[in-house]
Amino acid sequence: VVESWLAIAPRLKLIEPPPVTIEQLCLAHDRVFVTGVLAGRLRNGFGNTSREVAASLPYPSGAMLAAARAAIAGRTATIAPCSGFHHARFAAAGGFCTFNGLMVTARVLLTEGVAHRVGILDADMHYGDGTDDILERTGGTQVEHPPIGPNYTDPTQAEGFLERLPLMLRRFEGCDVLLYQAGADPHIDDPLGGWLTSEQLAQRDRIVFEHCASRRLPVAWNLAGGYQEPLRKVLDIHDHTLRECLRVYDPDG
């Protein structure tokens, strides 16, 4: 996906993120679960205990955290080109998600005092059940997480969703950063999705970025979902999200 983006915007600045630490992961997850997965004793979100996979797992959350820090510092939009977060629960992996980088990021920022309120807009086709589980276990009064996935599943809802999206975004008033999961699987041709066209997905992203820019709300966005084949179809959706971001934050190219 990064190679595809660089073909569109060669001037994108790439920053190598540090992995999150065990202590940071344990702000959002059970310690026995975290250490067990990283040691290869417990299954990860891919259903295996591979040490090689375990070694990679702190990096996606690290990318999300680094993107959020950069967004807050510059009061702008940043990208974490990774996915695999929202089905990860407090003490369990699932659905290709091992550690919930959205909640790890939120909990680290709140614990450090970098943010006092964090918004999560999860626009994946599927419900962020893991995110809600962690919010229930850790006390989520400082995190705003309105549901989209459970409420919108049919093409007949598309126009209504796009009309209501600006109102949904008002729920993030007072947040110090918005973590925006720009899911590709709501696409109407996705085998696990099926309710937004390519143009409607681009409009979704445009509305989010324009809202954040107009209110100077820092936004760090990441990827999610996308099961079409060939992979180029999914990359095209992620390319459209980047283009909408650049249209708002870098209109002169």
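Between the side chains of N100 and T131, a donor-acceptor pair is found at a separation under 3.5 Å. Between the side chains of H187 and S198, a donor-acceptor pair is found at a separation under 3.5 Å. Of the N and O atoms on the side chains of E23 and T21, not one donor lies less than 3.5 Å from an acceptor on the other residue. Side-chain contact annotation: Q203 with E244, donor-acceptor N/O pair under 3.5 Å absent.
The CG atom of L121 lies 9.5 Å from the CD atom of Q181; values are rounded to the nearest 0.5 Å. Taking SG of C212 as the start and CD1 of I207 as the end, the distance is 12.0 Å to the nearest 0.5 Å.
In this structure, the ring of H87 has its center no less than 6.0 angstrom from the ring center of F96.
Taking every heavy atom of both residues into account, I72 and V114 meet most closely at CD1-CG1, 3.9 Å. Between H126 and H86 the shortest heavy-atom distance is O-CE1, 3.1 Å. Residue R107 comes nearest to A28 through the heavy atom pair CG-CB, 4.1 Å, listed as atom of the first residue, atom of the second, then distance.
Surrounding CZ of R43 are at most 12 heavy atoms belonging to other residues, nucleotides or ligands under 6.0 Å away.
The existence of a salt bridge linking K233 and D190 is excluded, since no basic side-chain nitrogen approaches an acidic carboxylate oxygen closer than 4.0 Å. Using a cut-off of 4.0 Å between Lys/Arg side-chain N and Asp/Glu carboxylate O, D239 and R232 are scored as salt-bridged. Between R69 and E112 there is a salt bridge, with a side-chain nitrogen of the basic residue lying less than 4.0 Å from a carboxylate oxygen of the acidic one.
You'll find the side chain of F90 reaches within 4.5 Å of the side chain of D30, heavy atoms only. In this structure, the side chains of D133 and D129 stay at 4.5 Å or more apart for every pair of heavy atoms. Side-chain contact between L102 and H145: absent, with no pair of heavy atoms (C-beta onward) separated by less than 4.5 Å.
Its side chain outside the 4.5 Å cluster rule for every partner, L167 clusters with none of the Ile, Leu, Val, Met, Phe, Trp and Tyr residues.
Residue Y180 is tested with D122, N222, D205 for a side chain to side chain donor-acceptor pair (under 3.5 Å); the sole match is D205.
Listed by first and then second residue, the salt bridge (charged side-chain N to carboxylate O under 4.0 Å, His left out) pairs that reach into residues 210-228 are E173-R215, sequence neighbours excluded.
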Only distances under 3.5 Å count here; give the side-chain donor-acceptor pairs of residues 53-66 to other protein atoms, sequence neighbours excluded, each with its distance to 0.1 Å.
unit_1	atom_1	unit_2	atom_2	d
S56	OG	V53	O	2.7

